[in-house]
Amino acid sequence: MKKKIISFLKKIIIIFKINILIFASYTSSVNAAVPVFVDTFDVSNETTTPGQLVFNSDGTKMFLTGYNDKEVHEYALSTAYDVSTASITTSFSVAAKEIALNAVNFNPDGTKMFIVGSHNDKIHQYSLSTGFDLTSTVTFVKSSAAVTTQEGNPEVILFNDDGTKIYITGRVSDAVHEYDLGSAYDVGSLTLVTSFSMSSETDITEGMSFNDDGTKLFMNDLQFDKVFQYSLSTAYSFQSTVTLEGSFSIAAQESHSQYVAFNNDGTKMYIVGNNGDDITEYSLSCAFHILTTACSSSSSSSSSSSTSDPTSDSDVIGSIKTSAKLSKNVITHSINSISNRLNFIKNNRSNKNLSNQNINLDFGNPIFTSMYEASSISKKLNQSPLKNKLPEGWSMWNEGTISLSKILDDSTKKDILSNNLTIGFDKKINENEIKGFAFQVGYSDIEVGKNGTGSDSLNYNFSIYRTRPLENNNYIESLFGIGLIKNDLTRVDGSNVLSGNRNDKQLFGSFKLNKPIKKNKFTITPSAKIDFGYTFLDSFTEQGTDALKYSSQEIETGIASLGLKFDGLTNFSNSKIKPFGSLAYGYDFTDISSARLSYINDTGNTYSYNQNDNKNHVLTSKLGFDYTFKDNLNIFSNYNRTQRSSSNHTDSIDLSLNFKSKRETEYAMSLGGSEDLSAGFNLTKDLNGFDLKFDVNQSFQDTSDKNAQVSLSTKF
């Protein structure tokens with residue numbers, strides 16, 4: 001069993017491994033244009049030997065060759081030139097003409113397709129009944145004469161702007177071969193013009209692309225993992241002066257590059273790689289310029305923008321942090337609700353009916369929370385409507401929380417109202433073994449700052465859980481769940497209101513190993529636990545003026561901990577007291593990938609925000625008691641301390657007293673909080689069907705408000 005658990009955890013870690021995104025900044029004053037890594041798109045399901053990449057005329061389709069599979073793969077892009085939105089449409093086999101396929105290209109309207117490979121060393125021409133559609137009728141037309149004299153391993157097909165010239169390059173000659181065509185986009189007649197050697201810069205020439213007017217050439221090299229940038233004194237002519245301007249290293253992302261491509265305006269660069277079998281996307285601040293040297297105003301005009309850096313906007317950063325906070329909260333609540341259920345079962349083993357209701361109100365203030373727990377409202381909410389109506393052996397339970405909290409983070413205030421309800425069903429297999437499942441639905445309303453920025457979200461998840469006994473009185477608790485969060489996001493920038501929708505997909509789980517040891521009236525339980533979660537945030541685009549596009553993001557959450565807790569129960573003739581306490585050490589290994597965003601009217605500039613989270617050693621301790629006398633008096637006390645390795649700590653105390661007199665008058669007093677210590681008093685009395693309530697609370701901070709409330713209500 002232990003080996004299976006360890007093997008499963010290793011698989012989870014591999015699945016949840018997050019690639020560290022590297023954000024390279026540029027200085028706008030000199031227009032430095034170093035490409036910025038954006039994302040990668042995995043093509044290994046289609047081919048493990050990718051080659052040339054081309055787009056259709058508007059960037060909503062892309063085509064990729066596969067060397068071993070002898071196919072041209074067609075993808076649809078839901079967002080133009082955004083490879084992260086690509087999905088495979090179809091694959092077209094060219095094995096009848098070429099069994100070692102390297103390159104593909106099209107004429108401008110996509111009604112002609114051209115391929116080349118290293119087996120026949122010829123250019124093969126096809127016709128398409130529908131432009132850029134490999135699902136339509138694709139017919140072989142003709143083949144060119146062999147290019148073996150110039151190149152024994154042709155890698156690339158390029159055309160000039162009017163299709164009267166074609167260019168081939170390859171590994172054998174390390175040169176670009178320029179040919180004249182007798183007719184535009186017709187390989188029936190092929191005449192060599194010149195060959196331009198690149199052997200001084202490269203050992204293995206792989207890919208090549210022109211800029212939009214043919215005055216620049218980009219070539220990638222397999223040996224050095226670089227992209228070289230050249231200038232041509234005459235457009236599309238290698239008989240003119242060709243000058244090497246510099247190079248850009250792609251080694252951080254790809255060690256076996258196959259091809260280099262650009263979008264239509266040169267603000268994005270793509271590298272096809274064999275090492276990861278993927279396409280790597282970069283953004284360029286200056287169109288068709290990959291060097292650290294300054295680019296001219298003309299070359300950067302297509303990507304210039306007067307918009308400000310969105311990562312300097314506190315509302316934008318607040319929204320990014322809120323998404324991460326929400327995903328962690330949902331997973332934590334799901335795991336905790338089931339943990340609470342299993343604790344309830346352990347504490348009530350002798351009960352035949354283990355159905356339990358646990359509806360809580362958490363006002364973000366220990367005073368109000370304690371007053372609620374002591375009131376009759378809690379008892380009424382937690383009455384079970386399904387008692388004695390379940391199948392034999394099964395129990396039903398629920399846990400609900402309504403919470404309101406305020407967070408001040410980096411000078412940005414967040415108000416969070418959340419409602420969560422978990423409903424579960426489980427069955428005791430034997431005295432120590434339980435299996436069950438649970439559903440959770442939740443709603444969160446989060447306000448960021450004071451301008452109206454925030455989000456409304458609905459979350460749903462499903463979990464299965466089980467406890468199983470092991471040898472030597474050990475037992476293990478395990479759970480696994482899947483979930484979905486649907487976010488409606490709003491950002492207010494002055495009078496500008498922007499909105500968007502984002503979906504988050506989640507996987508989460510928990511494993512806990514316990515060994516209870518009974519000593520007289522006390523039970524001491526050492527434990528080891530690991531909680532983990534993975535959240536994938538979909539990309540989304542705002543609607544509105546100066547709208548932002550957010551790339552997909554990944555969040556890995558988790559904490560590994562070792563703990564020791566104790567509790568006991570001492571019964572007296574008219575009262576009982578239950579002391580409790582715990583001590584736990586945990587390592588928080590939460591990892592949040594970079595948030596990447598850009599203005600939709602300026603896709604050349606990509607901004608990145610790296611959110612540092614609590615990667616810390618955490619020590620938590622708890623000590624308290626629960627005293628009850630004749631069901632009329634209850635005193636509860638609890639002290640908590642959380643200490644992190646970064647030398648910050650939080651202390652909190654809760655003390656509540658509830659007394660119910662013989663005249664059906666209920667009194668509740670409480671004291672609690674951390675830095676903001678406050679006290680409260682609550683009185684409730686039933687007056688002939690009417691509920692009279694008096695509430696007062698006082699914070700010990702001088703700047704805090706003091707308030708009191710009196711109400712009289714009844715139910716119809």
Side-chain angles (χ1 to χ4, degrees), residues 2 5 9 328-329 331-349 358 360 362 366 369-370 373 399 467 469-470 472-479 509-533 557-570 576-590 613-627 635-656 671-675 677:
K2 292 181 180 178
I5 293 170
L9 286 174
K328 292 179 65 176
N329 285 352
I331 289 175
T332 299
H333 187 274
S334 300
I335 292 175
N336 287 348
S337 62
I338 293 177
S339 295
N340 292 341
R341 169 58 179 173
L342 295 177
N343 285 334
F344 172 83
I345 292 175
K346 288 197 294 284
N347 294 332
N348 296 271
R349 291 182 182 274
N358 186 23
N360 299 307
D362 179 3
T369 303
S370 298
E373 291 173 348
E399 180 169 306
T467 64
L470 303 174
N472 299 324
N473 201 32
N474 296 322
Y475 65 94
I476 190 168
E477 299 174 0
S478 61
L479 71 92
S510 176
F511 294 94
K512 184 177 181 181
L513 183 65
N514 299 272
K515 184 180 177 64
I517 303 171
K518 292 187 177 182
K519 294 291 184 181
N520 298 324
K521 296 181 179 180
F522 286 90
T523 300
I524 301 174
T525 307
S527 64
K529 185 180 182 183
I530 180 170
D531 297 337
F532 57 88
T557 60
I559 186 168
S561 60
L562 296 173
L564 181 69
K565 70 175 184 177
F566 73 90
D567 59 71
L569 180 63
T570 301
K576 59 183 178 180
I577 186 170
K578 181 180 180 180
F580 58 85
S582 65
L583 180 66
Y585 161 78
Y587 177 70
D588 190 336
F589 56 85
T590 295
D613 205 74
N614 294 326
K615 248 188 192 179
N616 263 322
H617 302 276
V618 185
L619 188 65
T620 58
S621 58
K622 178 188 292 187
L623 187 64
F625 68 88
D626 191 349
Y627 174 75
I635 302 175
F636 175 83
S637 175
N638 182 31
Y639 167 75
N640 290 274
R641 182 181 178 91
T642 301
Q643 177 80 45
R644 293 189 175 272
S645 59
S646 54
S647 300
N648 65 330
H649 67 272
T650 302
D651 294 296
S652 64
I653 184 171
D654 296 318
L655 177 63
S656 64
L671 173 72
S674 52
E675 294 181 0
L677 194 63

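Just so it is clear, the structure is predicted and the values come from calculations on it, not from any experiment.
Rounding to the nearest 0.5 Å places OG of Ser561 at 10.5 Å from CG of Asp588. With rounding to the nearest 0.5 angstrom, the CZ atom of Phe532 is 5.0 Å from the CZ atom of Phe511. Rounded to the nearest 0.5 angstrom, Leu479 CG and Arg341 CZ are separated by 14.0 Å. We find the CG-OG distance between Leu564 and Ser621 to be 12.0 Å, quoted to the nearest 0.5 Å. Separation of atoms CG (Leu342) and OG (Ser337) is listed at 9.5 Å; rounding is to 0.5 Å.
Under the side chain to side chain contact (heavy atoms under 4.5 Å, CB included) criterion, Leu562 pairs with Ala528, sequence neighbours left out. Every residue meeting the side chain to side chain contact (heavy atoms under 4.5 Å, CB included) condition with Leu623, not counting sequence neighbours, appears here in chain and number order: Phe566. The side chain to side chain contact (heavy atoms under 4.5 Å, CB included) test applied to Thr525 returns Asn514, Pro516, Thr523, Lys565, not counting sequence neighbours. Ser334 pairs by the side-chain hydrogen bond (donor to acceptor under 3.5 Å, both in side chains) definition with Gln440, Asn461, not counting sequence neighbours. Partners of Phe522 by ring pair (Phe, Tyr, Trp, His ring centres under 6.0 Å), not counting sequence neighbours: none found. Residues that satisfy the side chain to side chain contact (heavy atoms under 4.5 Å, CB included) test with Ile559, not counting sequence neighbours, are Asp531.
Aromatic ring orientation, His617 versus Tyr587: tilted (interplanar angle from 30° to 60°).
Put simply, the side chain of Leu619 reaches to within 4.5 Å of the side chain of Leu583, judged on heavy atoms. With contacts defined as side-chain heavy-atom distances shorter than 4.5 Å, the pair Ser510/Lys529 qualifies.
Closest approach of Pro526 to Ile517, counting heavy atoms only: CD-CD1, 4.4 Å. Between Ile577 and Phe625 the shortest heavy-atom distance is CD1-CD1, 4.4 Å.
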